[in-house]
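Just passing along the structure, written as structure tokens.
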Amino acid sequence: MMQPGHGIAPPNIGQQPPQQYQHAPPQQPYVMMPPQAPQALWAQSAQPPQQPASADEVRTLWIGDLQYWMDENYLYTCFGNTGEVTSVKVIRNKQTSQSEGYGFIEFNTRATAEKVLQTYQGTIMPNGGQSYRLNWATFSAGERSSRQDDGPDHTIFVGDLAADVTDYLLQETFRARYNSVKGAKVVIDRLTGRSKGYGFVRFADEGEQMRAMTEMQGVLCSTRPMRIGPATNKNPAAATQPKGCQEALSSRSLELISAEMITILVHVLA
DNA sequence: AATGAGCGA
């Protein structure tokens, strides 16, 4: 396991108050270039110098859970010390120019991107109080939130999380007992960058999911006992929900409506 | 306290 601190380490910039960002006028999305590679130099070369490898080689990382004030400048502050950032971009709403809370960081080489992914993942963002949420950019709207396509996810809800619980800790807490754990996510408040105190754990195996629902109830994670619940599934395709539920609800509603209609009819006809 | 703002001209 690679530790931050050697190799490419996340910078530890001072406690810069985010206030300076909050009143910044809305601006068009832009791509910030590192000073090492000014636009003027690029314009002179016949070929774009930043395409040394095959075009299909992914050298871009996706970053999520960004707070509203975290702009391109901020991202460059975070990753510029690698000296290998070719562009950073925060995705914004077309009308309001407000950040959508995610962005992209492109690097010189895939190797650099990979190293950054390994060293930064889970470490604390400058000023943020939250950990980086990084992943490979996919370039396709398709398989987005599925890191592994080996079948459906079986997800549980985990509440009562202490403020310091990270994705990694949550994941490892469950992986210690269940080897089909695919991942864990602590939900972050975008306004504060802090944990909302709950999260989700995904299992590949449905049996382990069900076991965890009872076995992990009240088990300590960091400093607090966890509270496990069923997750309302985000993507219905992988849902494990019993099919009878919806139909039962529907027919029950129909019954109620029918009964009410009869009452109304009785009154109308009376 | 309480069920995920997730892939770009």
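These numbers come from a predicted model, not from an experiment. Protein chains get the first letters and strands the later ones, always in sequence-line order, with residue 1 at the start of each.
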- Can you tell which of B:dG4, B:dT3, B:dC7 lies closest to the side chain of A:Thr138?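 Minimum distance to the A:Thr138 side chain belongs to B:dC7.
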Checklist entry - Between A:Arg224 and A:Arg190, which is nearer to the 5' end of DNA chain B once each is assigned its nearest nucleotide? => result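 Comparing both residues, the 5'-ward one is A:Arg224.
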How long is the line joining CZ of A:Phe104 and P of B:dG6, in whole Å?
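Those two atoms, CZ and P, are 12 Å apart.
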* Rounding to a whole Å, what distance do you find between A:Glu100:CD and B:dG4:C1'? ->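 About 16 Å, once rounded to whole Å.
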Without decimals, in angstroms, what is the distance between A:Asp65 CG and B:dC7 C1'?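 So the two atoms are 14 Å apart, to the nearest Å.
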Handout entry: hbond_proxy A:Asp160 side chain to B:dA1 base (donor-acceptor, 3.5 Å cutoff)
Key =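 Result: no qualifying N/O pair found.
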inquiry  = Under 6.0 Å between ring centres: does that hold for A:Phe79 and A:Tyr132?
reply    =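 Between A:Tyr132 and A:Phe79, which both carry aromatic rings, the centre distance is below 6.0 Å.
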Describe the nucleic acid contact of A:Gly197 in one word from base, sugar-phosphate, nothing, applying a heavy-atom distance below 4.0 Å.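 A:Gly197: base contact, heavy atoms under 4.0 Å.
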- Message: Within the 4.0 Å heavy-atom criterion, would you say A:Gly64 contacts the bases, only the backbone, or no part of the nucleic acid?
- Response: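 The residue A:Gly64 makes no contact with any strand.
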Report task. Answer yes or no for this row: A:Phe200 ring on B:dG4 base, centroids under 5.5 Å, planes under 30°. Result ->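 It does: the two rings, one from A:Phe200 and one from B:dG4, meet the stacking criterion.
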| A:Leu134 CG to B:dC7 C1': how many Å, rounded? |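 Distance, rounded to whole Å: 13 Å.
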* Between A:Lys185 and B:dT3, does any side-chain N or O lie under 4.0 Å from OP1 or OP2? ->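 For B:dT3, neither OP1 nor OP2 has a side-chain N or O of A:Lys185 closer than 4.0 Å.
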Given B:dA9, B:dG4, B:dG6, the nucleotide with the shortest approach to the side chain of A:Arg133 |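 Of all the options, the side chain of A:Arg133 is nearest to B:dG6.
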Euclidean distance, atom CD1 of residue A:Ile105 to atom C1' of B:dG6 [Å, nearest integer]
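Whole-Å distance recorded here is 14 Å.
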task = Go through the structure and list residues passing side-chain hydrogen bond (donor to acceptor under 3.5 Å, both in side chains) with A:Tyr102, not counting sequence neighbours.
result =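 Partners of A:Tyr102 by the side-chain hydrogen bond (donor to acceptor under 3.5 Å, both in side chains) criterion come out as none, since no residue qualifies.
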request  = Kindly say whether A:Thr86 contributes a backbone atom to a donor-acceptor pair with the side chain of A:Glu106 at under 3.5 angstrom?
outcome  =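 No, because the side chain of A:Glu106 does not come within donor-acceptor range (under 3.5 Å) of the backbone of A:Thr86.
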Closest to side chain of A:Asn135, choosing from B:dG6, B:dT3, B:dG8: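 Taking heavy atoms from C-beta onward, the closest nucleotide is B:dG6.
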*Would you please name every residue forming a side-chain hydrogen bond (donor to acceptor under 3.5 Å, both in side chains) with A:Ser180, sequence neighbours left out?*
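With neighbours one apart ignored, the set is A:Glu208.
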#### Entry: Backbone of A:Thr155 reached by a side-chain donor or acceptor of A:Asp153 within 3.5 Å
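Not at all, since once roles are kept as given, no pair shorter than 3.5 Å links the two residues.
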**Request:** Select one nucleotide: of B:dA2, B:dG6, B:dA5, the one nearest the side-chain heavy atoms of A:Trp62.
**Result:**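 Per side-chain heavy atoms of A:Trp62, the pick is B:dG6.
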Please give, in whole Å, the distance from B:dT3 C1' to A:Arg227 CZ?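 Atom CZ in A:Arg227 sits about 13 Å away from atom C1' in B:dT3.
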Pi stacking test for A:Tyr102 and B:dA5: under 5.5 Å apart, planes under 30°:
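So no, this residue does not stack on that base, at least one cut-off failing.
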Practice prompt. Could you check how far CE of A:Met70 sits from P of B:dA5, rounded to whole Å?
Written response: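 In whole Å, B:dA5 P lies 16 Å from A:Met70 CE.
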- Can you tell me how far P of B:dG4 sits from NZ of A:Lys196, to the nearest Å?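 It works out to 7 Å between those atoms.
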Quick check for you: among B:dC7, B:dT3, B:dA5, whose closest atom lies nearest to any side-chain atom of A:Tyr68?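 Of the candidates, B:dA5 comes closest.
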